[in-house]
S.K.: 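Let me begin by handing over the structure; questions about it come next.
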Amino acid sequence: MLTTTVYPYILNERSVFISLEDVMTHTDDAVAPEQEHFDALIADDSRIEPRDWMPEAYRKTLTRQISQHAHSEIIGMQPEANWITRAPSLKRKSILMAKVQDEAGHGLYLYSSAETLGTPRPVLNDQLLTGRAKYSSIFNYPARTWADMGAIGWLVDGAAICNQVPLCRASYGPYGRAMVRICKEESFHQRQGWEILYELSHGTDAQKKMAQDAVDRFYGPALQMFGPPDADSPNSQQSMAWNIKRFSNDELRQRFVDMIVPQAEALGLTLPDPDLVWNEERQHYDYGELDWDEFMSVIKGRGPCSVQRMKRRREAHENGAWVREAAAAYAERQAARAAEAANHEDHETETAPSSQRPAAQLIGA
Amino acid sequence: MSTFASQESATKISAGESISSESIAESGATASEDVAQYAMRLGDDALILSQRLGWWIARAPELEEDIALSNIALDLIGHARFLLTYAGTAWNKSEDDLAYFRPEEEFRSCRLVEQENGDFGQTIARQLIFSMYQYELYKALAESSDPTLAAIADKAVKEVEYHVDHASQWILRLGLGTEESRRRIAAGLEYMWPYVEELFTDDELIDRLDGVAVRPSSLEEAAMRGIRSVLAEAELEVPEVAQARLTSEVRDGSYSEHRGYILAEMQSLARQHPGATW
Ligand SMILES: [Fe+2]
Ligand SMILES: [Fe+2]
């Protein structure tokens with residue numbers, strides 16, 4: 001498993017659960033018994049593991065989903081990192097840093113689990129940097145005020161939890177297991193976000209205003225984190241058939257709304273949706289139509305911070321190139337030295353004076 | 001033999017117990033004016049360096065390094081919270097009063113931690129020098145006759161041991177890696193080097209706190225030995241650049257131009273809402 005929570009640093013070793021060869025020998029040549037075995041595992045609601053045969057489409061779907069999730073964790077560090085140097089108390093600064101660090105850890109778990117499907121992390125990273133891969137559109141919104149740290153924790157991490165708890169049972173083993181770890185931390189994050197808003201909404205008038213403004217801006221985009229309405233989400237059916245997805249976008253969104261309404265009441269803040277009412281018959285909250293045109297335009301790269309987020313990620317990558325190259329060169333040098341030393345040792349053993357050789361060898365000779 | 005006479009803990013805090021800034025505030029331990037001034041120096045160093053390192057989060061060369069640098073920044077802000085909380089007991093002020101509402105000239109950080117991040121090499125150069133110094137400092141302070149300082153140092157020294165290792169590992173990689181990395185880390189070391197001497201400079205406050213504070217000059221030999229040995233292993237030269245002279249007393253009125261900018265950013269929100277809680 002990954003050592004993100006362990007202190008010793010991973011300087012240049014990639015954490016791959018299994019070798020790529022292991023994976024690649026099992027692709028493509030789908031023969032009936034293998035497909036049957038896969039289908040049986042799915043029907044049985046069992047786990048698919050990296051060494052198992054799997055249909056190419058399953059592998060692709062998962063690789064896309066897991067890597068997009070990883071990219072979201074990484075890009076998602078930026079809006080919150082924006083407030084680390086300005087956090088208004090040392091305690092909050094410390095909690096915020098730990099949170100952003102957790103998100104980096106989530107990114108690492110997820111890249112590792114995507115790698116078990118056969119695509120190495122540098123390739124996935126390249127897909128992000130070249131704009132071929134997507135990430136959650138919510139991170140393309142600006143985090144302008146401290147209250148946004150509250151709204152992001154409460155609503156964005158909150159939506160992430162609703163989305164991810166069912167993914168703990170995803171049919172692909174490494175993904176499900178990564179999700180279990182991640183969900184534990186996300187629930188801390190949600191709680192911390194809620195606490196930030198609680199302090200603000202029980203603080204000065206300016207703080208209350210700041211809190212309400214943040215909730216006003218993040219409510220809609222947070223609800224859109226579950227993806228388009230079911231009617232417009234054609235890929236969902238297949239993912240559900242494969243036991244990757246367990247609930248539809250709208251079902252998860254409903255769960256989220258039902259969860260946050262009482263939480264907002266406890267905060268004393270208003271959710272910016274005039275159509276939000278309890279429906280006695282459905283035993284759920286009804287909520288208003290979301291702005292899907294805006295959603296689509298943000299997905300297409302027209303988010304308020306889309307360009308900025310990508311630029312920053314590319315800059316970090318480019319500015320770090322010389323450091324990664326140095327680490328790789330050093331690793332090579334150390335390996336060469338170790339090989340040399342081993343050679344040298346062999347050589348010494350061979351030429352050691354015969355009197356120092358073990359007696360058994362002398363007898364054998 | 002320890003440098004300090006051991007003394008029975010007069011407070012609820014003792015070495016090895018897990019401490020928090022809350023537990024320090026509640027312990028009833030009250031720092032004298034001198035002890036508070038001393039704790040503030042140490043706390044300010046940790047706070048300013050944490051603030052500097054915080055900038056790297058989401059900008060590091062590798063995800064693993066985002067995590068590593070934020071770990072170090074988190075450790076440091078932890079130390080800062082303990083030390084500033086303890087310092088504040090002398091004046092009935094909280095850690096946040098001291099961090100957010102003290103003007104620039106009342107901070108007591110050394111110039112090294114205030115220096116700009118620059119590239120990764122420059123940041124690592126600062127990390128090597130400061131971590132080696134801080135490790136020796138906390139190791140000695142763990143034997144302080146002041147039980148609160150001793151407890152803080154005892155906890156912190158274990159963390160700083162990793163900071164030293166992190167910086168050393170990178171110095172080796174950058175020094176022995178590529179032409180470019182070698183050039184950059186050498187430049188980083190040169191940039192930071194003028195502020196080394198200040199770390200080991202004594203003053204009257206230290207004289208007055210015999211047995212409580214660690215004499216900075218007493219750390220020089222061990223810390224510099226550590227730094228030189230890492231540089232030698234990385235086949236890097238010890239920079240030959242002049243030391244930047246102090247403009248006033250050490251840690252009192254002698255600070256860099258950077259400090260004002262660091263604080264302007266760090267304090268901006270808190271100062272817009274005086275009296276607010278967060
Ligand atoms: Fe996360
Ligand atoms: Fe999170």
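A, B, ... follow the sequence lines: proteins, then strands. Residue 1 opens every chain.
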S.K.: Measure distances from B/L84 to the heavy atoms of chain A and classify the residue's part below 4.5 Å as side chain, backbone, both or neither.
M.R.: side chain

S.K.: Side chain, backbone, both or neither: which part of A/A81 has a non-hydrogen atom closer than 4.5 Å to chain B?
M.R.: side chain

S.K.: Below 4.5 Å from any heavy atom of chain B, which atoms of A/M210 appear? Answer side chain, backbone, both or neither.
M.R.: side chain

S.K.: Measuring only between side-chain heavy atoms, which start at C-beta, is B/T178 closer than 4.5 Å to A/W322?
M.R.: no

S.K.: Which atoms of B/L176 come close to chain A, meaning under 4.5 Å heavy atom to heavy atom: side chain ones, backbone ones, both, or neither?
M.R.: both

S.K.: Evaluate whether atom CD of A/E332 has more than 12 neighbouring non-hydrogen atoms of other residues, nucleotides or ligands under 6.0 angstrom away.
M.R.: no

S.K.: Would you mind checking which part of A/I74 comes under 4.5 Å of any heavy atom in chain B, side chain (CB onward), backbone (N, CA, C, O), both or neither?
M.R.: side chain

S.K.: Taking side chain as everything from C-beta outward and backbone as N, CA, C, O, which of these in A/R92 sits under 4.5 Å from a heavy atom of chain B? Side chain, backbone, both or neither.
M.R.: side chain

S.K.: Where on B/A99 is there a heavy atom nearer than 4.5 Å to chain A: the side chain, the backbone, both, or neither?
M.R.: side chain

S.K.: Go through the atoms of A/L90 and report whether side chain, backbone, both or neither lie under 4.5 Å from a heavy atom of chain B.
M.R.: both

S.K.: Taking side chain as everything from C-beta outward and backbone as N, CA, C, O, which of these in B/Y100 sits under 4.5 Å from a heavy atom of chain A? Side chain, backbone, both or neither.
M.R.: side chain

S.K.: In terms of heavy-atom proximity below 4.5 Å to chain A, should B/I262 be classed as side chain, backbone, both, or neither?
M.R.: neither

S.K.: Just checking heavy atoms, which of residues 264-278 of chain B are less than 4.5 Å from chain A?
M.R.: B/E265, B/M266, B/S268, B/L269, B/A270, B/H273, B/A276, B/T277, B/W278

